[in-house]
Each structure stands twice: as C-alpha cells, then as structure tokens.
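By convention in this document, chain letters (A, B, ...) are assigned in the order of the sequence lines, proteins followed by strands, and residues within each chain are numbered from 1. FYI, side chains are in, hydrogens and waters are out, and symmetry mates aren't considered; it's all heavy atoms of this structure.
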2 protein chains.
Amino acid sequence: MSRIDYPVYLQLRDRLWTWIEDEQLGSQQRLPSERELSERFHTTRVTIRQALSQLEAEGLIFRSNRRGWYITPERLRYDPSRDVGFNRYVTEQGFRPRTETLSKVLTETPPWLSEITGLAIGAPIYHVFRRRYVDERGLLVEHNYINPAHCPGLLSESTDVSIWQMLRDQYDLCPEHRDIEIYPLALKGLEAEALGVNQGTAGLYIQRLSFDQRGEFLELDREYWLHDALKISVRIGDRH
Amino acid sequence: MSRIDYPVYLQLRDRLWTWIEDEQLGSQQRLPSERELSERFHTTRVTIRQALSQLEAEGLIFRSNRRGWYITPERLRYDPSRDVGFNRYVTEQGFRPRTETLSKVLTETPPWLSEITGLAIGAPIYHVFRRRYVDERGLLVEHNYINPAHCPGLLSESTDVSIWQMLRDQYDLCPEHRDIEIYPLALKGLEAEALGVNQGTAGLYIQRLSFDQRGEFLELDREYWLHDALKISVRIGDRH
DNA sequence: GCTCCAATCTGGTATAGACCAGATTATGAA
DNA sequence: TTCATAATCTGGTCTATACCAGATTGGAGC
C-alpha cells in the first residue's frame, strides 16, 4: 500500500527511480520519451514531466534540449582553493576533459570590475570566455579577467588548457591570497545559452578573485556550473 | 517591440521583475495571488506559475506553503571555514537569528558515519538536529554528530546557541583540520518538511568534518540550506 | 556513397478547466 | 472577550489537448 496523501508525481518520481535502477541505466544513457513514459505509467505527460523535473532537481537525470532525458554522470570533485588546472583533476578522476575558448579579447575595465579589483575604469583587461566539458557534456562556462600588467602576451597564448599553469610557467605568477564566493543561482542569458540549457536551470556560481604577493590584482574567475555537475571538496587547516 | 520567439513566461518573468521594482516591494513582502496576477497580466495561472518559478529559481521571490509568494531577503554571507557561531555572524550582518533544537539524543554510530569518522559502528554518538532562522524565516536545518569522548555532558547543555562556542568554552576543544563538502541538491523528506518547503525545492548542502590536534574525530556537521539564503564567502591564503 | 530535404520524433510552451488541502479570516455562540 | 466553527482564499495537483521548434531520421536524387 502506498501512503495516502502522497501526490502522484512524487509516487512517479519514486517509481521512475527504482525503474532506472532496475534497468541499470548508466551515465549519459537515455530514458524513454515523455509520451512513452506517460503511457507506461498510466498518467499524462504533464504529470510525468513534474516527476522528471523532481529527478532533475535531485541530480539523477538531466535534459538535453529537445533530445530527451539522460542519466546524470557522477559529480566531479572540485577544490576551488587549489591551483590545479581543470584538465588535470578531471583526468585524475578518470574523466575526459575538454575546453573551448569562446572568446578572448583585450577590453576595458568596466565599473563593476573596477570596484572589486582596484583597477581604473577603462584600464586594459584581458577577458577570456571558455566552456568546459567532461566526457563531452558541457558542465560550466567561465569568464576570466586577467590583469595584463603581469602577462602582456596572453592573447597569443593558448587558452584551451590551464590559465594558471600558463601564468605560473610563462610569467612566474602565483596568487598570494584570494577571495572566493560561492552560491546557487539560476543559469540565464548568455550562460544558459552557452551551456545549451533552458533559462532558469539551477546552477552554481563560483568566483575567485586573486591577488599577488604585493596585493595587486591578478585575476578574476567567474564560473557558472550546472547544479548537478560538481561536489566542492576542501580541506582546511592541514599543515602537511 | 519585444523580441520574437521569446516565450510568454520569460516575458512575464521580466515584466514581473520590473513590476516588483516599480512597486518597491521589499524583503518578505507578499505578492498578489496567482489568480490576481494571471488576470492582471492577461494570461493563465499555469503560465504565471511558470514565470514565478523562474523568479524563484533566480532567488528574487520565495513561496510559503499555501500562503503566497514573498520577496526573498538578501543573502546571508557565510564562511564555513571559520568557527564563528551562527548567531554572531547573523547579528553582525544586521539580521535577527533564532535556533530551534528539534531533537538531541545520544545514539549509536551508524555504518555511514563510522566510515567517514573512524568511530566503531555502534559506538555512542551525540546527534543534535536543529533549525535555524534569520528574521523568522527558516533558512536551514542542521545535523550535528559529536564525539562524546570529548564532551560527556553535552545533553545537559543548551544547544540553542553555538555548539562551537560551547565546545571551546566548556571543553576546551577546537578543530585542527576539517574536510568541507559543498554541493547543490534538492531538499526532500525530513529536511524539506522541517523547512516547510515543497519536496524537490533547490537547496545547498554543506558538510564539515572536524578533527582535533591528535587526528581524532570531533564533530560532523551536515547543513541543508535554502538555495537562495546564503552566499559563501571565504578568504584563502591571507597571513594576517 | 553522398548530399539535401522532407517526414517524424522530441521536449517546450500554452490554454482552460477542475478539484484538493492547508492557511486565513469571518462569524456567531458561549 | 474567548473560542470553536464555517466560509473563503491560497497555492498545489492533475487532466486533456493543442501547437511549436529544434533534433533526428529516412529516403530520394545525384
């Protein structure tokens, strides 16, 4: 007997969950179409969609625009306090990374950026906009704002790998301290578009503001992640 | 002229946003009912609800079960790496904190807890379950698992204030290092119920696992936050 | 084989209506 | 005034249907 007063779409969520387990659907595998599911579970498409949205919120499945529903891969572990490049820790965890540079320009510091970096409004600043994949699923887009005073030749460097590694190797730069901000938000506008998800899809915002030993602004990193893509994992206070 | 191919519910989202600005609705103020809004904006309740859900995902408004939609207060800034108690930093930011202890028991270490703490399965462990408010809005629920070896008299202490402060003052305990995990999830079951939100509401999970100077397990903290309630803010590498 | 285009399949959006259950408010009796 | 209760208001759930637009597929023509 199912509990009374338990809405149909929540019952469906549970039945879908166990159905997925029974079928042993694995990472990135596709579910049957909504119409097929609504027949199979004797309900309407609207209600099935409600149940699917629940599973999406829980991170079990994700949608690919007008293509269908798929099983969400395991979360990527991520430590924003470390300087290790994306490619390296993705590989370390047994996944296949890929980075696309969507734009890379030398532009002028806008007011909001001036406010948090101390740069003058209109001062030259590099802006790199990239999309990162894990196993061919786009997990995040990232805006990098880099102080050109420290690395004048950045535009001619490749930005499809780690910017940090490049800053360290080519320009001998490393941050002395940084301010990190993290909060959940809805992906919208440019970011939603670049990730191929619907407006309002749940996401996680991570911002890193780095300064060098002399307290000068080095780099600002603004990352927009899919909500189900990562698990932040930090160790603090260890002296090894 | 509005952009073509822009769905009605997204247009509504924008119109509602500006309408809220025009009306100068402030923190915790109530919106008109869905039926009223759907008339006012010449659409159906379903579509209005879609627009409201967008604004909810974006953190502008939140819902209170069968009572209505309200303006979301400003996010609370939160640094999980510091030992400052909830009450203190809520107050520091000009808000009014409140904590309810929902349960407080001495129980036996379950397998999953044994795995991450090193305690023996079945070993005694304190479990405190609390709900935290800011300005009378419940923002998170929190499970604390505390090693009784270090603070035998915990059950008789008040847990409506900072557990950390108590551990420090009464038992002279402070953590040497800790592992922090953070990721977005959907609030469900006990946590959703305790916060009075619908199953599947977006949330943020924060876990802190603390050990003392000798590497012994001190405390495990599992927090379930509303997604729109906080902004994590950490400074790393500063030597002041 | 290949390319191109049409048919088809998919999820995305939108309407109109209905009923439910919890929360609030109004009412009226004590 | 107090307190129980009834009416009402609110969001929550659900059905049935329709059409759209992007993605995929299948086949015709080369």
Hey, is CD on B:E108 packed in by over 12 heavy atoms from elsewhere, all under 6.0 Å? no
With a sphere of 6.0 Å drawn around CD of B:Q29, does it hold more than 12 non-hydrogen atoms of other residues, nucleotides or ligands? yes
Protein and nucleotides 12-15 of chain D: nitrogen or oxygen contacts under 3.5 angstrom:
unit_1	atom_1	unit_2	atom_2	d
D:dG12	OP1	B:R63	NH1	3.4
D:dG12	OP1	B:N198	ND2	3.3
D:dG12	OP2	B:R49	NH1	2.7
D:dG12	OP2	B:R49	NH2	3.3
D:dG12	OP2	B:R63	NH1	3.1
D:dG12	N7	B:R45	NH2	2.6
D:dG12	O6	B:R45	NH1	3.0
D:dT13	OP1	A:Y9	OH	2.7
D:dT13	OP2	A:Y9	OH	3.4
D:dC14	OP1	A:V8	N	2.3
D:dC14	OP2	A:Y9	N	3.1
D:dT15	OP2	A:T43	OG1	3.1
D:dT15	OP2	A:T44	OG1	3.3
D:dT15	OP2	A:T47	OG1	2.7

With under 30° as parallel and over 60° as perpendicular, where do the rings of A:Y89 and A:F86 fit, or are they tilted in between? perpendicular
In short, salt bridge (charged side-chain N to carboxylate O under 4.0 Å, His left out) pairs touching residues 15-33 of chain B with sequence neighbours left out are none
Does anything in residues 36-57 of chain B form a salt bridge (charged side-chain N to carboxylate O under 4.0 Å, His left out)? List the pairs, not counting sequence neighbours. B:E34-B:R45, B:E34-B:R49, B:E36-B:R40, B:E56-B:R63
Value in whole Å for how far the [atom2] atom of [N] lies from [atom1] of [X]:
X: A:E39; N: C:dG11; atom1: CD; atom2: P; value: 13 Å
X: B:L31; N: D:dG11; atom1: CG; atom2: P; value: 9 Å
X: B:E56; N: D:dG11; atom1: CD; atom2: P; value: 13 Å
X: B:Y70; N: D:dG11; atom1: OH; atom2: C1'; value: 11 Å
X: A:L52; N: C:dT10; atom1: CG; atom2: C1'; value: 13 Å

So which pairs with a foot in residues 44-64 of chain A pass ring-ring contact (aromatic ring centres under 6.0 Å, His included), sequence neighbours left out? A:F62-A:Y70
Under a 4.0 Å threshold between the charged nitrogen and the carboxylate oxygen, would A:E223 count as salt-bridged to A:R132? no
Would you say the side chains of A:Y133 and A:R131 form a donor-acceptor pair under 3.5 Å? yes
Between B:Y205 and B:Q207, is there a side-chain donor-acceptor contact under 3.5 Å, judged purely by atom types and distance? yes
To 10°, what angle do the rotation axes through the five end pairs on each side of the helix from C:dG1-D:dC30 to C:dA30-D:dT1 form? 0°
Taking only N/O atoms, report every protein-nucleotides 6-8 of chain C pair under 3.5 Å with atom names and distance.
none

C:dC9 OP1/OP2 closer than 4.0 Å to side-chain N/O of A:S33: no
Kindly give the heavy-atom pair with the smallest separation between A:I116 and A:L209, and that separation in Å. O-CD2, 3.5 Å
Main-chain N/O of B:L60 paired with B:T72 side-chain donor or acceptor, under 3.5 Å: yes
